[in-house]
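One structure is given here, and the rest of the page talks about it.
When a residue number appears, it is its place in the shown sequence, counting from 1. Just so we're clear, the structure is a prediction, and the values are computed from it rather than from any experiment.
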Amino acid sequence: MDSSLNAARRSRELREVAEERLDVLVVGLGATGAGAALDAASRGLSVAAIDAHDLAFGTSRWSSKMVHGGLRYLAKGQVDVAYESAVERGILLRRTAPHLAKAHPYVLPLTKDVSRRQAALVMTGYRLGDALRAAARTPRRLLPGPTRLSAARAHTLAPVLRDDGGLRGGLLSWDGRLLDDARLVVAIARTAAGHGARVLTRCRALRLTGSGAEVRDELTGEEFTIRARVVVNATGVWAGGLDDRVRLRPSRGTHLVLAPGALPGLIAGLHLPLPGESNRFALVLPQPDGRTYVGLTDEPVDGPVPDVPEAPEEDVRTLLSVLNGVLETPVTREAVAGAYAGLRPLLAADGRTSDLSRRHAVVTGDGVVTVVGGKLTTYRRMAEDAVDEAISHANLKARRCRTRRIPLVGAGARLQKPPQKVPPRLAERYGAEAEAAYELVKTHPEEVGLGLTAGDLLWSALHEGALDEGDLLDRRTRIGLVRQDRERALPTTREIVDRTSRG
């Protein structure tokens, strides 16, 4: 299975799709679009998937990196959404991406601001969430159950918590988390390519038609037609720009990026109740690279949808205020090394964006199937529903969906026992491909940041479809989230881009 994506493959496959008539054209290469390409290709259909920018350029790289079990939706009475989320979390943890998705502990500190009644309600919710885990048949060995912690144990898992006698203990829960959401998208797209899909970045859809799309190669400016029996529009918050039947109310989710050492000794993530909210929490998320993410806001966004949303200063102040309410030593504004914001593609309805349903929808007509809404955890189910509808709409002959059991690139038999000579960080990052990646790391060991080397960047250019500095620093890695880190890594990154673009 040839799953490598690179500049040479892109050029070749661009020429091919201009001359063929495909079964399915997917527009958008976030998690859902890449998932639709994999779903359709694995059913035996001819597929191309395009994006105006890069893999995971939009919302799919701006998440909290969590694989949710749907607890929040359960609290809103959306049992079907919660169950779907728990099922999809189990599929990622058990079968499709065990190298990228792991269980992680979270502590809710029981401070004076959390009443005993509220603590009891939260623990009831955690136990209902554990019942969802069991119903979804996710084994407890992969996702432990909730428990109550003493103050001493809570402080051990999170020594940054204020210890002035007001900490009664904590509530410990577990949920799934990703090593990196953008890397999940890359793995999905590469797996689709391995099943025969043409995965084409920097290829913008100008107009969708009943028989394909008018597109433009963003690298050369050349415009041409891709013909297809049906088009799947999976462009997220931009979906309405290609299908005017779709109405969305985007909301902005902002995260702070704290540099390594800002919250020393933090082992578990933190759930911090938001003032005035009954079932919303801020998240403190320690990362494998030593950074810590703090999120996340939920604010409506009006007007044109930007390609890259900015994190406003108001969001930064709000998150710091919630965080510092539980810390022994407050985090100052100067300690925030970076920030990022993503836009959720919520279906339009009345009310606050934080109250809108995370259900997804599939809209069909005139040879175009648009899939919108949903969340990262349920990308696979969204893709399945969209492809089912596309097959029915275009009267295509295809097998039933197989993606519940298709391991993504990096998962598989060799993942269980990685070679002992491979450093642990490579086994975690590349899974079953760690040994091959290690060969490049050994020959290009120059460190570029966050423990990554020039060999890691070269691997991304040769096998993961990275075409320029932004692809390497902002999506294949997260070096670019902090400006100083980006500047240090740029010279080596530019050398790699120049070398691989010239073959």
Side-chain angles (χ1 to χ4, degrees), residues 1-5 9-10 13 16-17 20-51 55-56 60 67 84 87-101 183-201 226 228-234 360 362 369 371 374 376-415 431-433 463-465:
M1 187 172 80
D2 182 10
S3 65
S4 293
L5 297 174
R9 180 170 181 167
R10 176 188 178 277
E13 294 187 343
E16 292 171 355
V17 298
E20 301 176 12
R21 188 187 184 200
L22 305 163
D23 292 322
V24 181
L25 171 64
V26 179
V27 182
L29 279 166
T32 303
L38 169 58
D39 189 305
S42 65
R43 299 193 200 203
L45 300 172
S46 58
V47 181
I50 64 175
D51 196 283
L55 304 175
S60 291
V67 182
E84 179 181 85
V87 168
E88 294 301 320
R89 176 185 62 184
I91 290 171
L92 281 162
L93 290 170
R94 295 177 63 189
R95 298 173 186 158
T96 60
H99 60 311
L100 297 176
R183 292 198 64 75
L184 173 68
V185 178
V186 170
I188 300 167
R190 290 187 57 204
T191 308
H195 281 82
R198 278 68 171 261
V199 177
L200 305 169
T201 60
I226 297 180
R229 291 174 174 83
V230 64
V231 177
V232 174
N233 175 15
H360 65 272
V362 178
V369 174
V371 55
L376 181 65
T377 304
T378 59
Y379 84 87
R380 191 210 62 81
R381 179 57 188 271
M382 293 171 64
E384 178 182 348
D385 289 350
V387 174
D388 280 346
E389 183 62 27
I391 289 170
S392 175
H393 186 68
N395 197 27
L396 299 172
K397 293 183 179 180
R399 297 190 289 263
R400 298 182 65 179
C401 177
R402 303 170 54 214
T403 54
R404 280 175 173 261
R405 298 187 176 278
I406 294 177
L408 301 181
V409 165
R414 296 181 66 187
L415 173 62
E433 293 188 313
H463 301 289
E464 296 179 346

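To the nearest 0.5 Å, atom CD1 of residue Ile50 and atom OG1 of residue Thr201 are 11.0 Å apart. One distance of note links CG of Leu100 with CD1 of Ile188; it measures 9.0 Å at 0.5 Å rounding. Residue Ile91 holds its CD1 atom at 4.0 Å from CZ of Arg404, rounded to the nearest 0.5 Å. For the atom pair Ile226 CD1 and Arg21 CZ, the distance stands at 14.0 Å (nearest 0.5 Å). With rounding to the nearest 0.5 angstrom, the CG atom of Asp39 is 10.5 Å from the NE2 atom of His195.
For Thr403, the side-chain hydrogen bond (donor to acceptor under 3.5 Å, both in side chains) partners are Arg380, not counting sequence neighbours. For Asn233, the side-chain hydrogen bond (donor to acceptor under 3.5 Å, both in side chains) partners are Thr235, Thr370, not counting sequence neighbours. The salt bridge (charged side-chain N to carboxylate O under 4.0 Å, His left out) search around Arg9 returns Asp2, Glu13, not counting sequence neighbours. Considering only residues two or more places apart in sequence or on other chains, Arg89 meets the salt bridge (charged side-chain N to carboxylate O under 4.0 Å, His left out) condition with Asp175. Partners of Asp388 according to the side-chain hydrogen bond (donor to acceptor under 3.5 Å, both in side chains) rule, which considers only residues two or more places apart in sequence or in another chain, are Arg43. Considering only residues two or more places apart in sequence or on other chains, His393 meets the side-chain hydrogen bond (donor to acceptor under 3.5 Å, both in side chains) condition with none of them.
Contact of the Glu88 side chain with the Met382 side chain is not registered, since no non-hydrogen atoms from C-beta on lie closer than 4.5 Å. Val185 is not listed as a side-chain neighbour of Leu29, based on a closest heavy-atom distance of 4.5 Å or more. A heavy-atom distance below 4.5 Å is found between the side chains of Leu408 and Leu184. In this structure, the side chains of Val47 and Leu22 stay at 4.5 Å or more apart for every pair of heavy atoms. Using a 4.5 Å cut-off on side-chain heavy atoms (C-beta onward), Leu55 and Val199 make contact. The shortest side-chain heavy-atom distance between Tyr379 and Val371 does not fall under the 4.5 Å cut-off. The closest side-chain heavy-atom distance from His99 to Glu433 is not below 4.5 Å. Val369 has its side chain out of reach of Val231: every pair of non-hydrogen atoms, C-beta onward, lies at least 4.5 Å apart.
Applying the 6.0 Å contact sphere to CZ of Arg400 captures no more than 12 heavy atoms from other residues, nucleotides or ligands.
In terms of heavy atoms, Leu5 sits closest to Ala193 at CD2-CB, 3.7 Å. Nearest heavy-atom pair across Ala192 and Ala41 is O-CB, 4.2 Å. Minimum heavy-atom separation, Gly44 to Arg399: N-NH2, 3.7 Å. Between Ala411 and Pro98, the closest heavy-atom pair is CB-CD, 3.9 Å. The two residues Ala383 and Ala36 have their closest heavy-atom pair at CB-N, 3.3 Å. Nearest heavy-atom pair across Gly33 and Ala234 is CA-CB, 3.6 Å.
One side chain, Ser46 or Asp23, offers a donor N or O that lies under 3.5 Å from an acceptor on the other.
A donor-acceptor contact shorter than 3.5 Å is absent between the side chain of Arg229 and the backbone of Leu396. The backbone N or O of Leu38 sits less than 3.5 Å from a side-chain atom of Ser42, completing a donor-acceptor pair. Side-chain atoms of Arg95 never come within 3.5 Å of backbone atoms of Arg405 as a donor-acceptor pair (strictly under, hydrogens ignored). A donor-acceptor pair is defined here as one N or O able to donate and one able to accept, closer than 3.5 Å; no such pair exists between the side chain of Thr96 and the backbone of Ile406.
Between Arg198 and Glu20 a salt bridge is recorded (basic side-chain N to carboxylate O distance below 4.0 Å).
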Determine, stepwise, if the pair Val24 / Val26 fulfils side-chain contact (heavy atoms from CB on, under 4.5 Å). CA-CA 6 Å; Val24 181; Val26 179; 4.0 Å; yes

When you look at Ile391 and Val230, which way does the side-chain contact (heavy atoms from CB on, under 4.5 Å) test go after all the steps? CA-CA 8 Å; Ile391 289 170; Val230 64; over 6 Å; no

